[in-house]
Amino acid sequence: MKSVKIGEIKINNPVALSPMAGISSLPFRIICNEMGAGYSPTELVSARSIRYNGIDKSLRYMRISPEEEGITAIQLFGSEPDDFTAAIATILDTPVLKEVSIIDINMGCPVPKVVKTGSGSALMEDPARAADIVRACKKAVEGVGRNIPVTVKTRTGFNAEDRGKPDFAKALADAGCDMLCVHGRTRPQMYHGDSSNEAIAVMREAVKDYKIPFFANGDICDVKSALKMIEDTGCDGIMIGRAARGNPWIFEQVTAGLEGRGAPELPDAGARKRMLIRELEGRLKYLPEDVAVREFRSVMPYYVKGFTGSAQLKVRLVGATGIDEVKEILEIG
Ligand SMILES: Cc1cc2nc3c(=O)[nH]c(=O)nc-3n(C[C@H](O)[C@H](O)[C@H](O)COP(=O)(O)O)c2cc1C
């Protein structure tokens with residue numbers, strides 16, 4: 001794929017990691033970028049919580065490392081433009097965070113707790129408010145001496161019968177959003193059923209006259225599905241979510257495939273175990289060991305998928321309490 005510009009930020013390889021709560025840890029994002037991902041946003045963080053509780057509670061989810069990651073993006077969710085204004089002011093006043101390259105707004109989260117507050121995918125039902133939020137974010141990033149782009153990640157609809165929301169996409173582009181990423185499922189689908197490239201294409205078409213890059217997302221799991229997404233939607237970039245869990249090599253594979261090179265094989269079990277430990281060690285840099293290992297329990301099974309005896313390994317890994325125990329289970333020193 002050709003490089004794209006999000007505002008003034010150049011993304012050399014527009015194959016990005018899709019933000020995932022509980023998965024998009026800083027060490028994992030660094031690894032994905034090393035494997036070729038163009039950039040990797042943080043998981044969603046509440047703008048309201050930053051506004052009213054301060055940065056400390058949310059900091060661990062939006063920890064970025066511009067030095068190690070290159071391009072960085074923090075994803076915020078909320079429903080009140082003022083919450084975004086305040087949250088961004090705080091971010092831009094916090095060491096390291098203030099160096100963030102991109103602010104991304106979540107307008108796709110289907111979780112009832114989020115939707116109930118008018119945030120995430122609920123914003124698809126209120127394009128005027130969504131546009132106000134984009135404008136508030138654009139205003140909030142002004143005046144720091146560099147143009148920080150504001151991007152939006154959304155879905156193809158709020159209701160089951162929706163087949164793309166062209167007017168919503170236009171409202172966001174009119175409000176000045178610098179990139180739009182669309183996941184081809186509606187809110188009630190959550191993560192089930194097929195993602196619809198056709199519905200994504202409807203939204204792509206709606207904003208084709210705006211000079212902003214369009215990213216497509218949903219069910220990309222290999223070179224073939226990546227190529228199909230690009231062909232079906234005419235997108236400028238793609239985001240890969242679930243297929244990257246425990247498998248950062250997917251960025252190397254998809255990138256090679258899109259460039260017409262042979263996709264490298266998935267590395268052997270030893271290399272995958274070492275990568276698991278590398279991510280866990282990265283998490284230990286900012287979390288107490290018991291918390292880091294407990295939270296990593298849901299991620300470890302993905303790293304050992306397909307191993308001989310992997311069912312047994314998974315059972316043991318999800319009960320692990322410390323890194324030494326994880327190493328012992330994996331039989332690595
Ligand atoms: C566990 C999990 C957590 C997610 N968290 C977020 C999130 O914080 N922000 C977001 O925009 N999307 C989130 N998503 C949605 C993904 O970014 C992506 O849009 C979706 O999984 C479809 O892409 P895929 O088929 O490649 O997984 C999450 C998905 C999963 C499975």
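Counting convention: from 1, in listed order, for ligands and their atoms alike. Any value given below was found using the heavy atoms of this structure, including those in side chains, with hydrogens, waters and symmetry copies removed.
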Who's closest to atom 10 (C) of ligand 1 heavy-atom-wise, of Lys153, Arg155, Glu43, Met239?
Lys153
Is the shortest distance from a heavy atom of Gly108 to ligand 1 less than 4.0 Å?
no
shortest atom 31 (C) of ligand 1-to-protein heavy-atom contact is with Arg242 CG, 3.6 Å
If you count the non-hydrogen atoms of other residues, nucleotides and ligands that lie under 6.0 Å from CD in Glu259, is the total more than 12?
yes
Using 0.5 Å steps for rounding, measure from the CD1 atom of Ile50 to the OG1 atom of Thr94.
8.5 Å
Side-chain donor-acceptor pair present, Thr151, Asp104, cut-off under 3.5 Å:
yes
Applying a heavy-atom cut-off of 4.0 Å, say which part of His183 lies close to ligand 1: side chain, backbone, both or neither.
side chain
Which residue and heavy atom of the protein sit nearest atom 6 (C) of ligand 1, plus the separation
Pro19 O, 3.0 Å
Candidate with minimal heavy-atom separation from atom 18 (C) of ligand 1, of Ile238, Val114, Asp219, Asn217
Asn217
In the protein, what heavy atom is nearest to atom 26 (O) of ligand 1, and what distance, to one decimal place, separates them?
Gly241 N, 2.9 Å
Glu279 and Arg283 ion-paired at < 4.0 Å
yes
Heavy-atom distance under 4.5 Å between the side chains of Arg63 and Lys285, does that happen here?
no
Is it true that, when you exclude Glu161 itself, more than 12 heavy atoms of the residues, nucleotides or ligands shown sit nearer than 6.0 Å to its CD?
yes
Any nitrogen or oxygen of Leu44, main chain or side chain, under 3.5 Å from a nitrogen or oxygen of ligand 1?
yes
For atom 5 (N) of ligand 1, the closest protein heavy atom turns out to be Ala21 N, 2.8 Å
How does Asn106 reach ligand 1, if at all, at less than 4.0 Å between non-hydrogen atoms: by side chain, backbone, both, or neither?
side chain
Around atom 9 (N) of ligand 1, find the nearest protein heavy atom and jot down its residue, atom name and distance.
Gln75 OE1, 2.7 Å
At less than 4.0 angstrom from any non-hydrogen atom of Ser18, what atoms of ligand 1 do you find?
16 (C), 17 (O), 18 (C), 19 (O)
Closest protein heavy atom to atom 28 (C) of ligand 1, given as residue, atom name and distance to 0.1 Å
Tyr191 OH, 3.2 Å
Would you be so kind as to tabulate the donor-acceptor pairs closer than 3.5 Å made by side chains of residues 323-331, with sequence neighbours excluded?
residue : atom : partner : partner atom : Å
Glu325  : OE1  : Thr321  : N            : 3.0
Glu325  : OE1  : Thr321  : OG1          : 3.0

In terms of its nearest heavy atom to atom 30 (C) of ligand 1, the top option of Met229, Met190, Met20 is Met20
In terms of heavy-atom contacts, does CG of Asp194 have more than 12 from other residues, nucleotides or ligands at under 6.0 Å?
no
Results of side chain to side chain donor-acceptor pair (under 3.5 Å) for Arg60 - residues two or more places apart only
Glu295
